[in-house]
Student: 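Please find one structure pasted underneath; my questions will follow.
Just so we're on the same page: letters track the sequence lines, and every chain starts at 1.
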Amino acid sequence: MGDVPPHRYTPALAQRIELAWQDRWEAEGTFHTPNPTGRLSEGFERVADRPKYFVMDMFPYPSGAGLHVGHPLGYLGTDATSRFRRMDGANVLHPMGYDAFGLPAEQYAVQTGQHPRVTTEANIAAIKVQLRRLGIDHDERRTFATIDPGYYKWTQWIFLQVFGSWFDEDAGKARRIAELVAELDAGTREPAPGTNDTGRPWAELDDVERRRVVDAHRLAYLHQAPVNWCPGLGTVLSNEEVTPDGRSERGNFPVFRRPLTQWMMRITAYADRLLEDLDRLDWSDSLKLMQRNWIGRSTGARIGFSCADQTIEVFTTRPDTLFGATYMVLAPEHPLVGTLTAAEWPDGTDPRWTGGAATPSEAVREYQRQASRRSELDRQDAGREKTGVWLGVSAVNPVNDRELPVFIADYVLTGYGTGAIMAVPGEDTRDWEFAEAFGLPVIRTVQPPADWDGGAWTGGGPMINSANDEISLDGLDKAEAIARITEWLVARGYGEATTTYKLRDWLFSRQRYWGEPFPVVYDENDLPVAVPDSMLPVLLPEVDDYSPKTFADDDADSAPEPPLSRATEWTTVELDLGDGPKKYRRETNTMPNWAGSCWYYLRYLDPGDDTQMVDPELERYWLGPRERGDVGGVDLYVGGVEHAVLHLLYARFWHKVLFDLGYVSSEEPFRRLVNQGYISAYAYTDERGFYVPAAEVVEEDGRFTFEGKPVNREYGKMGKSLKNMVTPDEMIAAYGADTLRVYEMSTGPLEQSRPWETKAVVGSQRLLQRIWRVIVDEETGAVRTADDAQPAEETLRALHRAIAGVRDGMATLRFNIAIARITELTNHLTQVHGADSAVPRSVAEPLVLLVAPLAPHIAEELWARLGHEQSLAWHPFPEADERWLVEDTVQVAVQVNGKVRAQVTVPADADAAALEAAARADERVAAHLDGKTVRRVVAVPGRLVNFVVG
RNA sequence: GCGGGAGUGGUGUAACGGCAGCCACGCCAGACUUAGGAUCUGGUGCCUUCGGGCGUGGGGGUUCGACUCCCCCCUCCCGCACCA
């Protein structure tokens, strides 16, 4: 054991410093953020003239799985940002809460045999300890969990606002349901299409019928439809929670379609606004694109084809190709299939069309059976051979009376458009493939290029073969042709221009225990009734068995059984809802776990407010638009890209409803959003393919060995199964939290994913040790700065360059470049001022402040040792002085034909002529120019000179 | 298949259209040391006949000048995927 100087910045010293400062921050309420009004407004006068800055992480889900060093990455990024903005003069709100309802928490609880509240709260406590140990500057007064009754009371309240609203298509916004009723009563509005099954006028309906009509308008409505039933989880799932191969995102269980009555949220009403407002957000293009794709708006036309005495409605984005339709296809599940199917095959039916069956109905039945069995699982295979059968009938093309045989085929999906298509093999690849397989004709209506060698031509070109007695599209381009034919179809009553979306309404019911109960009861007519606000929250009852009834994974015929339905004392309730005490039946489904995360950012503003969801004045202050046309919202929201379509779409939807109803002044919840990268790690397998502990693998000459035996290196997620997990606790024990923070932030821009490399962490520790040594004498512990010394000019330049660089890195979330500039400054100081030359205080102090957002504990400690009594958390961040950013003299490169041949030193303000003269005076340049003709000279002041010679 | 993003030393990365590789890891050498897995200093893209030459996935182009802009191609990652 050698002599470590007694006052070196060792891991042990780092621990002591960190724990002490964490205590002090808490005791002094250093990170308490004052609100402009209300119960958290103490101290606001201190920050009243500051701009506000609301920075947030996607809150964690305390699932109980172990935390590794990748988890805090985003939190460290927002923490550095929050600390920087606070020092730089903003009133910063940086809160944290916990998303604690939902499947994983419940599953973990089931595994451990404990009540989900017990395990969830224990997990939350564990995360809190870790966040505190990392030194994160959350305002702990504002924390909450979605399972707190004081929180979910307002989740339920928001549900009731959604339930109490309808979407007025004319106004393009949500309105109160009472206004709908008033307009229906007054006769100024008719029920929306599809909301009145009776077919009788509103005035003639009885109370129950009227309520059914009204309920069908609501933004939250009960709907019987095929849903994603997951027997393995014992619950239904939203479309967003089902993977493309028909499995649950959580748990990877098979999912089946089966009809059920469930709560839905009418997010489709907001499809256009959700799509269009993306343009107003400061989000990455890739994220916006994911949302655009999910919403999936496509414009086209709806066209009716008559077939027997029915009309087959199709949706197409290419009405211009209508003359090229040669057959039609319905989805196997299409409702008209039964009615349209002919009694028998006409003579001479192509055997490929019959599926080998004796009659059309037999063929249809068999094909439907196959299709349902195949379901989602291998429908994904786009390259599969096209299959289908003919119904034995033909429809008529309204444009030319051509007979179009009608097929069913599983390449047409029930859920999209109208579930039926007109097939145009000439211009659609899928239709071409089907036509090939079934021997159907092709009519080209777009002229393919001369060298086109067959197949569907989906590109542009002039229209051909597209004329009848009344209209000709020939020669037109696609856009004109679409406009012309749509006009014709509308005029003749054959169709209309229309828009469809991939986005479906949001399935909002879950047959689970661990979620928010619906604030809804059912009356004697089985119609839903809102629980009055005064009776919120509807508390989640205690039950003996909170685990859901699950089934064999593949038991498609099983039916959901919500755990709450077993709480028989709870499910029926006597209430007086204004017409005397009556018995009601409670809703036994619970909300999906997305509900709680849809609006939590609003609750941070004052989680203790029991009188309202959010104080409008606080919302305006923290989230309101900054200027006309601004969407408002959280100033910086950091989280994983996996929430691109789930949480972020749902939260935007709720926010817009709240905006329409006047509860919030901002149009969007998250103004700027950044997806932090992931930390991955190498993993190693031995010759048997088993994972070996990654920490014990050694590298020699590019070879990796474990216990002397060679192993294979893989790269993947960090976790127990790959035996490559590294925890924050281990790293903090070995280096301290500040080192871990600096290391994680130094490995790249926040958005970037990166590999973990434990052996590189020491570099960050060395940096902090050097900074420590700049200020503290390792032998005596005394502060060794020179209080009155004037820094050398060179040192001042280094300092101000560092300040400018750190500010740039902080603003752009590229903490790696901020750290690089701090390192440069530190290295400069250690070089200029060796062991016996003190660093001027006027340089040491700004250095400490620059480091503070990234390594706050060591910075506070050094700041205190420099004699400051106050925490530096609120101290102004250093400003770069332009004077020291510009050099008096600069080195410029001299190029000859673009190649650097020399460096010359010139005054910084030297003009082009002076630059050229200086360059020509350099002997190496002269040598390169000797005997050649200088054709052109490019001299950029302060940058370079380039001689173009011939 | 469609759409998006990215390819820079052994590694993570950095470079307003202007000196490619800042900073760090690793590696090499030295200093202080009984010692070094501490610390400090120096070096470290490749090739080289030591003049220099070549280098940002490949190939073209624009430009006095391209990692950066444009076109084609390759590879990897992400998203969507029979969406009419």
Student: How would you summarise protein contacts on nucleotides 4-17 of chain B per nucleotide, using B for base, S for sugar-phosphate only and - for none, with heavy-atom distances below 4.0 Å?
Tutor: S-------SSSSB-
Student: Using the C1' atom in both, what is the distance from rC27(B) to rU34(B), to the nearest Å?
Tutor: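 That atom pair is separated by 26 Å.
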Student: Tell me which nucleotide, if any, is Watson-Crick or G-U wobble paired with rU56(B) when both distances must be under 3.5 Å.
Tutor: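 Result: none.
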Student: Just to be sure I understand the rule, does Gln769(A) reach a base, reach only the sugar-phosphate, or reach nothing, if contact means heavy atoms closer than 4.0 Å?
Tutor: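 Touches sugar-phosphate only.
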Student: Rounded to whole Å, how long is the line connecting atom CG of Asn293(A) with atom C1' of rC78(B)?
Tutor: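 These atoms are roughly 12 Å apart.
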Student: Using the side-chain heavy atoms of Glu824(A), tell me which of these nucleotides is nearest: rG79(B), rA84(B), rC22(B).
Tutor: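 Nearest listed nucleotide: rC22(B).
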Student: Test Glu333(A) against Thr414(A) for side chain to side chain donor-acceptor pair (under 3.5 Å), laying out the working first.
Tutor: CA-CA 6 Å; Glu333(A) 306 86 353; Thr414(A) 318; 2.5 Å; yes
Student: Examine rU39(B): is either OP1 or OP2 under 4.0 Å from a nitrogen or oxygen in the side chain of Arg766(A)? Give yes or no.
Tutor: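 Affirmative; the distance criterion is met.
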Student: Does some side-chain heavy atom of Arg770(A) sit less than 4.5 Å from a side-chain heavy atom of Asn827(A)?
Tutor: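 Touching, per the 4.5 Å side-chain cut-off.
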Student: Taking the C1' atom of each, how far is rG36(B) from rG30(B), in whole Å?
Tutor: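 Approximately 15 Å lies between the C1' atom of rG36(B) and that of rG30(B).
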Student: Atom CG of Leu768(A) and atom P of rA24(B): how far apart are they, to the nearest Å?
Tutor: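 Rounded to whole Å, this separation is 13 Å.
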Student: Please enumerate all protein N or O atoms sitting under 3.5 Å from an N or O of nucleotides 60-65 of chain B, with distances to 0.1 Å.
Tutor:
unit_1, atom_1, unit_2, atom_2, d
rC64(B), OP1, Arg936(A), NH1, 2.7
rC64(B), O2', Asn946(A), ND2, 3.3
rC64(B), O2, Asn946(A), ND2, 2.9

Student: Assess whether a salt bridge exists between Arg814(A) and Asp808(A), defined as any Lys/Arg side-chain N lying under 4.0 Å from an Asp/Glu carboxylate O.
Tutor: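 Looking at Asp808(A) together with Arg814(A), the answer is yes, because their closest N to O distance falls below 4.0 Å.
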Student: Mind checking who rC2(B) pairs with, Watson-Crick or G-U wobble, both distances under 3.5 Å?
Tutor: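 rG79(B) - that is the nucleotide pairing with rC2(B), both distances being under 3.5 Å.
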Student: Under a 90° cut-off about 0 for the syn range, is rG51(B) syn or anti?
Tutor: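 What rG51(B) shows is a syn base, its glycosidic angle lying within 90° of 0.
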Student: Do we see a donor-acceptor contact under 3.5 Å between the side chains of Thr387(A) and Tyr367(A)?
Tutor: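 Per modelled atom types, Thr387(A) and Tyr367(A) side chains form a pair under 3.5 Å.
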Student: Just how far, in rounded Å, is P of rA38(B) from CZ of Arg773(A)?
Tutor: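 So the two atoms are 12 Å apart, to the nearest Å.
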Student: Would you name the heavy atoms of Ile408(A) and Pro332(A) that are closest together and state the gap between them?
Tutor: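 Heavy atoms only, the tightest pair is CB-CA, 4.2 Å.
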Student: Using whole Å, what does the distance between atom P of nucleotide rC22(B) and atom CZ of Phe815(A) come to?
Tutor: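 So the CZ-P distance, Phe815(A) to rC22(B), works out to 23 Å.
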Student: Go through the steps for Tyr501(A) and Asp272(A) under the test side chain to side chain donor-acceptor pair (under 3.5 Å), then give the verdict.
Tutor: CA-CA 9 Å; Tyr501(A) 303 88; Asp272(A) 282 329; 2.6 Å; yes
Student: With nearest nucleotide decided by heavy atoms, which residue, Ser298(A) or Ile819(A), maps closer to the 5′ end of RNA chain B?
Tutor: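 Residue closer to the 5' terminus by nearest nucleotide: Ile819(A).
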Student: Can you tell me if the side-chain N/O atoms of Asn827(A) get under 4.0 Å from OP1 or OP2 in rC22(B)?
Tutor: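 So the side chain of Asn827(A) is outside the cut-off, no N or O lying under 4.0 Å from OP1 or OP2 of rC22(B).
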Student: Just name whichever nucleotide pairs with rC27(B), Watson-Crick or G-U, keeping both distances under 3.5 Å, else none.
Tutor: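 rC27(B) is paired, partner rG43(B).
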Student: I'd like a table of atom pairs between the protein and nucleotides 52-56 of chain B - only N or O on both sides, under 3.5 Å - with the distance next to each one.
Tutor:
unit_1, atom_1, unit_2, atom_2, d
rG53(B), OP1, Arg901(A), NH2, 3.4
rG53(B), OP2, Arg901(A), NH1, 3.4

Student: Can you check the distance between rG61(B) and rG55(B), where both ends of the measurement are the P atom (answer in whole Å)?
Tutor: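 It comes out at 15 Å once rounded to the nearest Å.
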Student: Would you kindly give the CG-to-P distance between Asp428(A) and rC2(B), to the nearest whole Å?
Tutor: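 Distance check: Asp428(A) CG to rC2(B) P gives 14 Å.
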Student: Distance check, P atoms only: rG51(B) and rU62(B), in whole angstrom units.
Tutor: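 My reading of the P atoms in rG51(B) and rU62(B) gives 36 Å.
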Student: Does Arg292(A) pair with Asp279(A) as a salt bridge, N-O distance under 4.0 Å?
Tutor: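 A salt bridge links Arg292(A) with Asp279(A).
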Student: For rG60(B), is chi within 90° of 0 (syn) or not (anti)?
Tutor: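 What rG60(B) shows is an anti base, its glycosidic angle lying more than 90° from 0.
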Student: Taking only side-chain nitrogens and oxygens of Gln765(A), does any of them come within less than 4.0 Å of OP1 or OP2 of rA38(B)?
Tutor: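 No, outside the criterion.
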Student: Output the single nucleotide from rA24(B), rA84(B), rC23(B) whose closest atom is nearest the side chain of Ala820(A).
Tutor: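 For the Ala820(A) side chain, the nearest candidate turns out to be rC23(B).
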Student: Are Trp756(A) and Tyr743(A) an aromatic pair by the rule of ring centers under 6.0 Å?
Tutor: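 Yes; Tyr743(A) has its ring centre under 6.0 Å from that of Trp756(A).
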Student: What about Tyr327(A) and Phe434(A), are their ring centers closer than 6.0 Å?
Tutor: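 Between Phe434(A) and Tyr327(A), which both carry aromatic rings, the centre distance is below 6.0 Å.
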Student: Are Asn675(A) and Leu673(A) close enough that some pair of their side-chain heavy atoms sits under 4.5 Å apart?
Tutor: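 Result yes, sub-4.5 Å side-chain heavy-atom pair found.
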Student: Taking only the P atom of each, what is the distance from rU13(B) to rA81(B) in whole angstrom?
Tutor: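 Comparing P positions in rU13(B) and rA81(B) gives a spacing of 30 Å.
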Student: Charged N to carboxylate O under 4.0 angstrom, Glu778(A) versus Arg773(A)?
Tutor: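 Yes.
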Student: Considering only the C1' atoms, how many Å lie between rG58(B) and rG26(B), rounded to the nearest integer?
Tutor: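 After rounding to an integer number of Å, I get 30 Å for this pair.
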Student: What integer number of Å spans the C1' atoms of rG57(B) and rG7(B)?
Tutor: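 Result for the C1' pair: 6 Å, nearest Å.
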Student: Taking atom C1' in both rA15(B) and rG65(B), what distance in whole Å separates the two?
Tutor: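 Nearest-Å result for rA15(B) against rG65(B) at atom C1': 16 Å.
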Student: Tell me the interatomic distance from Leu854(A), atom CG, to rC23(B), atom P, rounded to whole angstroms.
Tutor: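 The distance from CG of Leu854(A) to P of rC23(B) comes to 18 Å, rounded to the nearest Å.
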Student: What's the closest nucleotide to the Ala760(A) side chain, out of rC25(B), rC22(B), rG79(B)?
Tutor: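 For Ala760(A), the side-chain atoms sit closest to rC25(B).
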Student: Nearest whole Å is fine: how far is rG26(B) P from Phe704(A) CZ?
Tutor: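 That distance rounds to 15 Å.
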Student: Using both distances under 3.5 Å as the test, list the Watson-Crick or G-U wobble partner of rU8(B), or none.
Tutor: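 Check on rU8(B): unpaired, no WC or wobble geometry under 3.5 Å.
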Student: Does a salt bridge link Arg821(A) with Glu824(A), judged by any charged N lying under 4.0 Å from a carboxylate O?
Tutor: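 Here Arg821(A) pairs with Glu824(A) in a salt bridge, since their nearest N and O are under 4.0 Å apart.
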Student: Quickly work out the Lys717(A) NZ to rC78(B) C1' distance and round it to whole Å.
Tutor: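 These atoms are roughly 14 Å apart.
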Student: Do Phe305(A) and Tyr494(A) have ring centroids that are under 6.0 Å from one another?
Tutor: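 When the ring centroids of Tyr494(A) and Phe305(A) are compared, they turn out to be at least 6.0 Å apart.
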Student: So which nucleotide does rA38(B) pair with, by the Watson-Crick or G-U wobble rule with both distances under 3.5 Å?
Tutor: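 Checking every strand shown, rA38(B) finds no partner, since no pair has both distances under 3.5 Å.
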Student: Taking the six-membered ring of Phe315(A) as reference, does the cationic atom of Arg302(A) (NZ for Lys, CZ for Arg) lie under 6.0 Å from its centre and within 45° of its axis?
Tutor: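 Verdict for Phe315(A): no cation-pi partner in Arg302(A).
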Student: Looking at Asp911(A), I want to see if its CG is surrounded by more than 12 non-hydrogen atoms of other residues, nucleotides or ligands under 6.0 Å.
Tutor: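 Check passes, neighbour count above 12.
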Student: Find which nucleotide of RNA chain B each of Ala420(A) and Ala893(A) is nearest to by heavy atoms, and output the residue with the more 5' nucleotide.
Tutor: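 That would be Ala893(A).
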